Every structure is written in C-alpha cells, then in structure tokens.
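Below, each value reflects all heavy atoms present in this structure, side chains not excepted, and no hydrogens, waters or symmetry copies. These figures come from a predicted structure and were not determined experimentally. Count residues from 1 along the sequence.
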Amino acid sequence: DDAKSFPTKENLSSSSFSPLRLRAAEMLADLDDDAAEVFLEDEARAAAEVKRSLRRATLRGTASPVLCGAALKGIGVRAVLDAVVDYLPAPPEEENSFTTTLRALAFKVTKDPRRGTLVFLRVYDGELRPKQALYNRSQRNKRERATSVMRPFADDFEPLAENEAATNGDVVVVVGLRYTVAGDTLSSDDAVPLLLEGGMVPPAPVFARSVEPAKASDFEDLTKALDVLTRDDPSLAVHVDDERLVLSGMGELHLEVAKDRLLREYRIEATFGTPTVELRESVDEKTTRHSSRYDRTVGAKRLSFGVTLSVEPAFLVEKNDDEENDDSQGINSRRRAARPPRVSLSEVARGKLQKEPETEAALVSAFTASRGPLRGHALSDLEIRVDDVDLDEASTPGAARACAVQALNEILRTAHPVVLEPVMRLDLRVPDARLGDVLADLALKPGAAVLAVRGDDDHLTEDKRSRVEAHVPLAALLGYASAVRSLTAGDADFNTDYAHHAARVGAGGAGDTSS
C-alpha cells in the first residue's frame, strides 16, 4: 500500500478496504515488535514507520514485499525501483568475497540502430576491459570478444577507455558478443563456475502464434528483430512451419509483450495469428527391437548406416493428495512431464561408435530433434534405446542422421503414437450462488476433470464461497478470465499452474474419444 495513506486503528473502520488493510497491519506488527506500538498509537509516525518495519523484516528474511504491476504497459516499474531502495540491503550491508577472475552475468540483450546487438552485463568478480577475450561458460565455452565496453547512462552510453575496466558490481553494455543470450555466464577463465547452477534453462514454450510482417519488404528486419528478442528472452522461440514464422512463448500476455516490443523498439508492424497451444507427441506402448538401414547414393557418393532400436513411453508415477481418487482419462497412470526424449546406447553400440564420436553425436542429435509421426510436433516423454549399429566404409555422420530419422519414424508408428497437450491445475474461488454455473461450464470443456469442491474459509467477504480444484487442458483455458468474469459478475478469482501433459482428447491415437 502507499505509505503516505497507511491506515491507523482509528480510520481503518471507515476504509472500504478495511479488512485487508487491518490484516496487513496485523501481519506486519507480528513480524516487527517495534512497529506494533507505532501503528496502534502514533498516527503521525505510522506512514514513515511502515517502510522501516518492512525493511527490517525483509533484511531478516521474515517478509517479502509484493508489488503489483503490468509488464505490457510498464505499470509499476517506478514502484519496484523505489522498493529496491527502500527495502533491499545496500552493498555495505552484505558480506562479499571477490576474486580476480572475471565472472559476469548477461541479463539483457537489445539492438541499437547504429551499434548493432548490445548485451547488458553485471560484473560479479574480476575486471572487464575493451577488446577482452571471453568464454561463454553457459554455452560450452564458446569464445566471445568484447569489442567495445560502455557504461549506460539512461539512453546514452559512455565508452570505456582502453586502460579502463569495469569491476565488481558494475553494469556495462558490451558490443561484439555473437552467441550470448540473457542468463549466460561470461568469464576470462574457461573453468570458472557458473553464476547459476547449470545455467538458466528456459521452460518449453506452451503458446504459439504465427507472425507475418505487414509489408513484405520488412521480412528480413522482422527475422533479425525476432532473433534479438529470443536472445534477450530465451523462453521465447521462433521456428518455421509451412513457410510461416511461428513465435512461441509462455502465455498469451508473453506473446502480446513481444508483439508490443516489435512495434515499440523496432518499428516493425506485424500481423499475429490466433494463439495456439504447443503440443507434443509420444507413444503409449513399448516396442520390440526394430532394425532399419539407410543406403543411398547421392551423386557419386554412397551413404550407408544401419541401426537397431526400441522405444517406450516415460510416464510420471507420483500423485498429489487431491488426485489419488481421480482417474479421469487415466491421468494418474498416463501422465507426462514434457521432457525431451532420452537416448541410451547399449555397450555393443557404444563400442562400435567409440572411434566415431562425430557419427555418435549425429545419431543422438537426430533422435532428440526428430518430430512425431502424427502431426509433426516435437517428441517428448520417450525412452529411445539403441541396441546395435551397423557401420561400413560409407557410414558418415550424415548417413547416421538420416538413418536415425527413418528408423524412428518407422518404429513410432507401431507404438500407438499420441498427441500430448499441457494440462493445468485450476484453483478457483467462487461465490456459492455462482458455483453451479462454473461447474457446468467446466463440464463442457473436453478433458477437464474436477478434483475437489470444498468450502473456502480463507476469505474476507461476508458471502459464502467455495473452492474448486480441477485439471483442465490449457487450450480450454484460452480466454477463461473473461468467461469467469461473465459467469460470476466479476466476483470470482482463480489461478493456474502446470500439472502435467496428457493425451489430447480427440487428437487421434490414444486419447481420441471422438466418434
């Protein structure tokens, strides 16, 4: 809340939000004894004391201030910056042990019309100088070079002199980095530990929209802008489908923000298609061993490779308490986690490929990058075992790659392939008077399963409410906020989080319940 209008004991009762404010004051007083007396007895000091109290609780780790905002319109940015100053520890309040080896974190990537791609770095250890050679520790030590290092001042940049260096705590802008994306660790040593354990692994995108430039002449500029956007935000992804650019992200708002950035930062007008949910493909049955051979002559060169493999599905086995008695569409026994395919080589296959590391790498990468046989979606939740390989003088990495794609496509068609979709865990709080309408709406959604309906005691309003917990396919939740608002006259709230992947209802193969 705004500290200038923080309510006291006397004016709480007259506030339209008095129950919430009273509860907030009580919680803060419980965390900080020094503030309790001020809140209750000294109205003049309450406004200033709330910030001091929140800061003390934050530094002790007993509270975490939460601010509201809207990323699309930039609402709440100033409040967040003020909160950093008001509540977080200053550098002298933290104990640090610095080293001389450079270690820096890339946290933003953008494009400048004159300078090209700019990467914002924060230096944690050591020194960063212009024209310095760097290792990208998050991308297998790819070599980079900081051709220019600048200090940012609002929308202007001041280049560092050749004898000047950025040191611990400095935020700088670097020109010349070709591979670095947001979240990467850069270092002057190829053995320095990552800043973040294992690096930042972005989650798999769940929403996709086709993207076309408003003018055909902007196509090249659009592809370059999308490349910078995906480097700045690794949870965005771009691929080509039927000669169309498709942008994938974590949600509808995520893609709307990307669309707004294209227009605002790059001056590119683009037409976006209707949001769709990113699907996966897997299998429902374990297969026996299958052998396949690729033998082709391309020009004057013969390509040959043989492989014997088997596949089986990978299911989630753990259950949540609320799901133990629910088995709608067999979700407890046939749930997936949308994990990439896992490839294992038998001792026999590994021994034959021991002296051919490039061929082995090509074989494994072809398996993991293959698409499903039903609709060409990415494969997931699949165990691929390579039992044997057959090599001769014509066996090249290209032949191994082609053979892997051919063999996998053949064997997947015998293993009852299925299309998988993300299923969300829906937690909905609704007035009892509107409960029937909400449940009837959920019953109409294909694949939805209500897990529990119980009374909600955690509310501050006088009307009786119920809490509905359900599993609902993500595709069925497109536009659900507007639907719930209409069904309940705006008197309900809900949140969702990822539960699992499951066979899509009516998608063909297992899970096809259509007539």
Side-chain angles (χ1 to χ4, degrees), residues 91 94-202 220-221 223-238 261 265-266 357-358 360-362 364-365 369 397:
E94 293 290 295
E95 293 184 3
N96 296 295
S97 55
F98 298 114
T99 65
T100 57
T101 302
L102 172 68
R103 199 163 56 136
L105 180 68
F107 64 89
K108 181 179 177 62
V109 181
T110 188
K111 192 172 184 65
D112 183 85
R114 294 184 296 108
R115 300 181 179 92
T117 302
L118 306 179
V119 180
F120 286 71
L121 301 177
R122 181 178 179 183
V123 179
Y124 283 81
D125 289 314
E127 296 182 342
L128 175 61
R129 299 178 182 275
K131 300 182 180 180
Q132 183 172 344
L134 302 171
Y135 292 95
N136 189 321
R137 294 287 292 115
S138 302
Q139 297 191 33
R140 297 185 179 182
N141 285 332
K142 279 188 176 179
R143 297 294 299 268
E144 297 270 34
R145 183 172 294 277
T147 57
S148 176
V149 180
M150 303 173 288
R151 296 187 190 277
F153 293 95
D155 59 350
D156 194 16
F157 305 106
E158 180 182 291
L160 269 64
E162 290 193 9
N163 60 348
E164 191 178 1
T167 58
N168 309 327
D170 285 348
V171 172
V172 294
V173 180
V174 178
V175 178
L177 304 182
R178 296 182 296 167
Y179 309 109
T180 302
V181 301
D184 283 356
T185 297
L186 296 173
S187 175
S188 56
D189 186 341
D190 61 359
V192 71
L194 292 173
L195 283 178
L196 302 174
E197 186 66 29
M200 290 180 62
V201 180
E220 185 176 352
D221 291 338
T223 55
K224 291 180 179 179
L226 290 175
D227 177 65
V228 176
L229 284 181
T230 54
R231 288 181 62 185
D232 183 39
D233 182 357
S235 59
L236 286 171
V238 178
R261 289 186 63 187
E265 298 179 17
Y266 302 99
E358 293 184 1
E360 179 181 344
V364 172
S365 65

[X]: partners by side chain to side chain donor-acceptor pair (under 3.5 Å), with sequence neighbours left out:
{"X": "Arg143", "result": "none"}
{"X": "Gln139", "result": "Asp184"}
{"X": "Arg261", "result": "Asp232, Glu265"}
{"X": "Ser235", "result": "Asp233"}

#### Entry: Non-hydrogen side-chain atoms of Val175 and Leu118 separated by less than 4.5 Å
yes
### Query
Do Leu186 and Leu177 touch side chain to side chain, with heavy atoms closer than 4.5 Å?
yes
Minimal non-hydrogen separation, [X] against [Y], with atom names:
{"X": "Phe157", "Y": "Pro152", "answer": "CD2-CA, 3.8 Å"}
{"X": "Thr117", "Y": "Arg231", "answer": "CG2-NH1, 3.6 Å"}
{"X": "Ala146", "Y": "Val174", "answer": "CB-CG1, 3.5 Å"}
{"X": "Thr230", "Y": "Asp227", "answer": "OG1-O, 2.8 Å"}
{"X": "Ser148", "Y": "Met150", "answer": "OG-CG, 3.9 Å"}
{"X": "Pro130", "Y": "Ala161", "answer": "CG-O, 3.7 Å"}

Residues forming a salt bridge (charged side-chain N to carboxylate O under 4.0 Å, His left out) with [X], sequence neighbours excluded:
{"X": "Lys224", "value": "Glu220"}
{"X": "Glu144", "value": "none"}
{"X": "Glu127", "value": "Arg129"}
{"X": "Asp112", "value": "Arg115"}

### Message
To the closest 0.5 Å, what do you measure between CG (Asn141) and CG (Asp190)?
### Response
5.0 Å
### Message
Distance check, rounded to the nearest 0.5 Å: Leu128 atom CG versus Leu134 atom CG?
### Response
6.0 Å
### Message
Going by salt bridge (Lys or Arg N to Asp or Glu O under 4.0 Å), name the pairs with one or both residues in residues 158-180, residues two or more places apart or in two chains.
### Response
Lys131-Glu162, Arg151-Glu164, Arg151-Asp170
Can you give each donor-acceptor pair under 3.5 Å made by side-chain atoms of residues 103-111, sequence neighbours left out, with the distance rounded to 0.1 Å?
residue: Arg103; atom: NE; partner: Asp125; partner atom: OD2; Å: 3.3
residue: Arg103; atom: NH2; partner: Asp125; partner atom: OD2; Å: 3.2

### Query
Taking Ser138 for the side chain and Thr185 for the main chain, is one N or O donor matched with an acceptor at less than 3.5 Å?
yes
### Message
Has Ser187 got a side-chain atom pairing as donor or acceptor with Leu102's backbone, closer than 3.5 angstrom?
### Response
yes
### Task
Taking the six-membered ring of Tyr124 (Phe, Tyr or Trp), confirm whether the NZ or CZ of Arg122 is under 6.0 Å from its centre and within 45° of its axis.
yes
